[in-house]
Every structure is written in C-alpha cells, then in structure tokens.
Student: 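Following this message is one structure expressed as structure tokens.
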Amino acid sequence: MSVVRLRKIGTSNVLTVPSYITPKDTEFDVFSGRNGAIIYTPRTSNPFLDEHYVATHEGTIAEVAVEVDLDDNNTD
C-alpha cells in the first residue's frame, strides 16, 4: 500500500493514482464514505435513462413473452 497526499490545484483537490495501478476507465463517480473515505467507481450509464436504449427496447417484453398453458404440462 502506498500513501498519496491531497494536493490543491486551482480550485480543485487532487489525489494522484499510484503508477502501479492501471485504470481501465477514464471517468469515475466519486462518493464520500464513512470515516472520511473517498470512493471512486468507474462511471457507467444507466440504460433505463438512455433514450436510444429505451426507444429500441420499447415493447420487447410483450413481443417476446410466451404464453404457457399449464394444463398441457399435466403429467398424470
């Protein structure tokens, strides 16, 4: 484990990512956790808020749903 120090650059506070950590993403959501923890998670989009996703998947549940007659599966 290494130690990083909070630095002030302009009006922002900056934490350096140590060189042994190779981030897979370039955007992160940041949260303030318990006891002063700072938590960074890779930014992901919510498909349910994406207009293109909603438009292309609208009504697909009804189109794909299969009606099952339980009487046909009677094994007695």
Student: State the OG-OH distance between Ser2 and Tyr20, to the nearest 0.5 angstrom.
Tutor: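 So the OG of Ser2 and the OH of Tyr20 are separated by 3.5 Å.
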Student: Is there side-chain contact between Thr16 and Arg7, with heavy atoms separated by less than 4.5 Å?
Tutor: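 Yes, their side chains come closer than 4.5 Å.
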Student: If we only count heavy atoms from C-beta on, is the Phe28 to Pro23 side-chain gap below 4.5 Å?
Tutor: yes
Student: At what distance, to the nearest 0.5 angstrom, does CD of Glu27 lie from OG1 of Thr44?
Tutor: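 Interatomic distance, Glu27 CD to Thr44 OG1, rounded to 0.5 Å: 11.0 Å.
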Student: Donor-acceptor check, side chain of Asp50 to backbone of His52, threshold 3.5 angstrom: yes or no?
Tutor: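 Yes: the side chain of Asp50 pairs with the backbone of His52.
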Student: With a 4.5 Å cut-off on side-chain heavy atoms, are Tyr40 and Val17 touching?
Tutor: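 No, too far: nothing below the 4.5 Å cut-off.
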Student: Tell me, do Val14 and Leu6 make a side-chain contact under 4.5 Å, heavy atoms counted?
Tutor: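 Side chain of Val14 against side chain of Leu6, heavy atoms only: no contact under 4.5 Å found.
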Student: Do Lys8 and Asn13 come close enough that some side-chain heavy atom pair is under 4.5 Å?
Tutor: yes
Student: Over all heavy atoms of both residues, which pair between Gly33 and Ile39 is shortest? Give the atoms and the distance, please.
Tutor: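 So the minimum-distance heavy-atom pair works out to CA-CD1, 3.9 Å.
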